[in-house]
Structures are given as C-alpha cells and as structure tokens.
Enquirer: 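Can you keep this structure in mind? I'll have questions shortly.
For the numbers below, each heavy atom of this structure counts, side chains included, while hydrogens, waters and symmetry mates do not.
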Amino acid sequence: MIINRVTSKRFLRVLFGVYIIVVIKVIIFKYPFAQLQAIANTWQKGVILEGLGTANFVPFHTIKMYIDYAYKLNSVENLAGNILVFVPFGFLFPMVFQDGWKLSVMLVNAFTFVLGIETFQLFSAFGAFDVDDILLNCLGAALGFGIYKGMKRWNDNSGQK
C-alpha cells in the first residue's frame, strides 16, 4: 500500500511537470521555431515598449470585447480556452503539493505562474500581455480545484459506506 502511494505521488508529480511544460509550449512557444527565432532577432528596447503599448491592463476589457463581438471573433474558443487550459492546474496542484489542498495556496501559485507567463509575453513579444488572461486562467484553476474538492468529498463519502 505504501509503495502504491509513493508511486502514485511520483506519477502525479511527473504528470504535473509535463502539464506545466505543455502549458508553456502552448501559450508561449506556440509559433514555429523559425517564427520565434525571427521574433527573438528583433528584441531590443523598442520591442519592450511596443509590448507595453499593446498590453491590456484594464480588467474585463478583452472579455467584454469578446462578448460584444462574439459574432465576428473566435470568442468562445478564446474565453473557454483560457479557462480550460488551467483546470488541470487546479485539479493536480492539491494532489502534488502538501499545502495544495488550501484554495489560497493553489490560487497564489496559479496566479504566480500565469503572471510569469504574461510578463514573459509582455517583454518577449512571444504573445501579448492581457490582464483578462490572468483572470480567466485563475478562474480555470479555481474550477479545477472545485472539481478536485468535489471528487475528494465524493471519494471520502464512498469509503464510509
């Protein structure tokens, strides 16, 4: 029984690590290597200033735009995608980290990870900084955490019968 717990904990850690790598690949390094290299070749002070000029620092601005222009834009894909990509974070985090069962600990870690991604996009031009992405990603992590808690409660109640 102890071996199974250790093995499953190790598996969950590896799974979480792979998930983090996939998220970074999908969000930051989404373009082909040649395109990323071309972007990197343009890095200079002006690129950082350009990133600041195109960034969205106003909460709900992009979300409102997606709702207002839902008939023209791929709004559902963008909104749902930003939420769904972080559901596994909220689900896996409490299974991997000792204090992860606390919503506040999970949310601080999700926020820190997402803020890191968004900040990297701001200064690298490998994407665009958007505060709404942070909100939606953290919402996704919170939903994943809710799924984790619901499954844990159901599992705990099943064991009592």
Side-chain angles (χ1 to χ4, degrees), residues 1-33 36 39-40 43 48 51-52 54-64 66 74-161:
M1 187 71 164
I2 292 174
I3 293 173
N4 285 342
R5 266 193 205 155
V6 170
T7 304
S8 65
K9 190 76 158 179
R10 194 170 289 145
F11 171 76
L12 288 170
R13 285 185 176 148
V14 169
L15 181 63
F16 187 73
V18 168
Y19 161 76
I20 294 295
I21 291 167
V22 168
V23 167
I24 290 169
K25 166 67 174 120
V26 167
I27 295 177
I28 295 177
F29 301 109
K30 58 187 160 249
Y31 305 115
F33 180 75
L36 292 172
I39 292 169
W43 285 352
I48 294 171
L52 288 169
T54 60
N56 171 35
F57 295 102
V58 180
F60 303 105
H61 176 76
T62 304
I63 294 170
K64 183 180 179 326
Y66 281 140
N74 54 347
S75 302
V76 173
E77 293 90 351
N78 281 311
L79 293 172
N82 272 305
I83 294 169
L84 292 176
V85 75
F86 273 84
V87 168
F89 188 101
F91 184 81
L92 291 171
F93 189 86
M95 292 192 279
V96 172
F97 296 98
Q98 188 171 357
D99 285 343
W101 58 271
K102 298 176 187 171
L103 177 62
S104 60
V105 171
M106 186 283 302
L107 277 178
V108 164
N109 281 275
F111 176 79
T112 302
F113 180 51
V114 174
L115 183 62
I117 289 172
E118 291 298 316
T119 302
F120 182 80
Q121 288 180 321
L122 176 66
F123 295 118
S124 71
F126 282 5
F129 180 95
D130 192 337
V131 71
D132 288 345
D133 288 350
I134 296 171
L135 296 172
L136 293 168
N137 293 160
C138 288
L139 173 62
L143 289 173
F145 186 82
I147 293 168
Y148 163 79
K149 285 292 202 179
M151 289 182 70
K152 186 169 179 2
R153 188 173 296 125
W154 181 77
N155 193 30
D156 290 347
N157 289 337
S158 296
Q160 292 177 358
K161 294 180 181 179

Enquirer: Looking at every heavy atom in both Asp133 and Ala128, which two are closest together, and how far apart are they?
Expert: OD2-O, 4.4 Å

Enquirer: Near Lys9 NZ, under 6.0 Å, is it more than 12 heavy atoms from other residues, nucleotides or ligands?
Expert: yes

Enquirer: Taking all heavy atoms of Leu36 and all of Ile28, pick out the closest pair and write down the distance.
Expert: CD2-O, 4.2 Å

Enquirer: Looking at every non-hydrogen atom in both residues, tell me the closest pair between Pro94 and Gly90 and how far apart they are.
Expert: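 That closest heavy-atom pairing would be CD-O, 3.1 Å.
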
Enquirer: Less than 6.0 Å separating the ring centroids of Phe126 and Tyr31?
Expert: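 Not under 6.0 Å, so no.
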
Enquirer: Is it true that atom CZ of Phe111 has more than 12 heavy atoms of other residues, nucleotides or ligands lying nearer than 6.0 Å?
Expert: no

Enquirer: Which heavy-atom pair separates Val85 from Tyr19 by the least distance, and what is that distance?
Expert: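 Smallest interatomic distance, heavy atoms only, reads O-OH, 2.6 Å.
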
Enquirer: Kindly write out the residues that satisfy side chain to side chain contact (heavy atoms under 4.5 Å, CB included) with Val18, not counting sequence neighbours, or none if the list is empty.
Expert: Val14, Val22

Enquirer: Under the side-chain contact (heavy atoms from CB on, under 4.5 Å) criterion, do Lys152 and Asn155 qualify, and how do the steps go?
Expert: CA-CA 5 Å; Lys152 186 169 179 2; Asn155 193 30; 5.7 Å; no

Enquirer: Run through Val23, Val114, Ile20 and flag the one making a side-chain contact (heavy atoms from CB on, under 4.5 Å) with Phe89.
Expert: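 It is Ile20, the one option of Val23, Val114, Ile20 that forms the side-chain contact (heavy atoms from CB on, under 4.5 Å) with Phe89.
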
Enquirer: Taking Asp132 for its side chain and Thr62 for its backbone only, find out whether a donor-acceptor pair lies under 3.5 Å.
Expert: yes

Enquirer: Please report the C-alpha distance between Phe113 and Asn137 in whole Å, then the side-chain angles of each, then the deciding distance to 0.1 Å, and finally whether the side-chain contact (heavy atoms from CB on, under 4.5 Å) criterion is met.
Expert: CA-CA 10 Å; Phe113 180 51; Asn137 293 160; over 6 Å; no

Enquirer: For Glu77, does the CD atom sit with more than 12 other heavy atoms under 6.0 Å from it, leaving out its own atoms?
Expert: yes

Enquirer: What are the two closest heavy atoms between Leu122 and Ala55, and how far apart are they?
Expert: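 Taking Leu122 first and Ala55 second, the nearest heavy atoms are CD1-CB, 3.8 Å.
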
Enquirer: Is the shortest heavy-atom distance from the side chain of Phe93 to the side chain of Asn109 under 4.5 Å?
Expert: yes

Enquirer: Determine the minimum heavy-atom distance between Val96 and Leu12, stating which atoms define it.
Expert: CG2-O, 3.6 Å

Enquirer: Run the numbers on Ile27 and Gln121 for side-chain contact (heavy atoms from CB on, under 4.5 Å), then give the verdict.
Expert: CA-CA 9 Å; Ile27 295 177; Gln121 288 180 321; 3.5 Å; yes

Enquirer: Are side-chain N/O atoms of Asn74 and Asn78 paired as donor and acceptor at under 3.5 Å?
Expert: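 Yes, a side-chain donor-acceptor pair sits under 3.5 Å.
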
Enquirer: Mind checking the CD1-OG spacing from Ile63 to Ser75? Nearest 0.5 Å is all I need.
Expert: 11.5 Å

Enquirer: Enter the distance from Met95:CE to Met151:CE here, rounded to the nearest 0.5 Å.
Expert: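 Output value for this atom pair is 7.5 Å.
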
Enquirer: So, taking the atom named CD1 in Ile117 and the one named OG in Ser124, what distance separates them when rounded to the nearest 0.5 Å?
Expert: 11.5 Å

Enquirer: Out of curiosity, Lys149 NZ to Trp101 CH2, how far, rounded to the nearest 0.5 Å?
Expert: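 One gets 6.5 Å once the value is rounded to the nearest 0.5 Å.
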
Enquirer: Is there a side-chain contact (heavy atoms from CB on, under 4.5 Å) between Phe145 and Leu107? Walk through the geometry before answering.
Expert: CA-CA 9 Å; Phe145 186 82; Leu107 277 178; over 6 Å; no

Enquirer: Is the distance between the ring centroids of Phe129 and Phe123 under 6.0 Å?
Expert: no

Enquirer: Considering residues at least two apart in sequence or located in another chain, which fulfil the salt bridge (Lys or Arg N to Asp or Glu O under 4.0 Å) criterion with Lys64?
Expert: Asp68

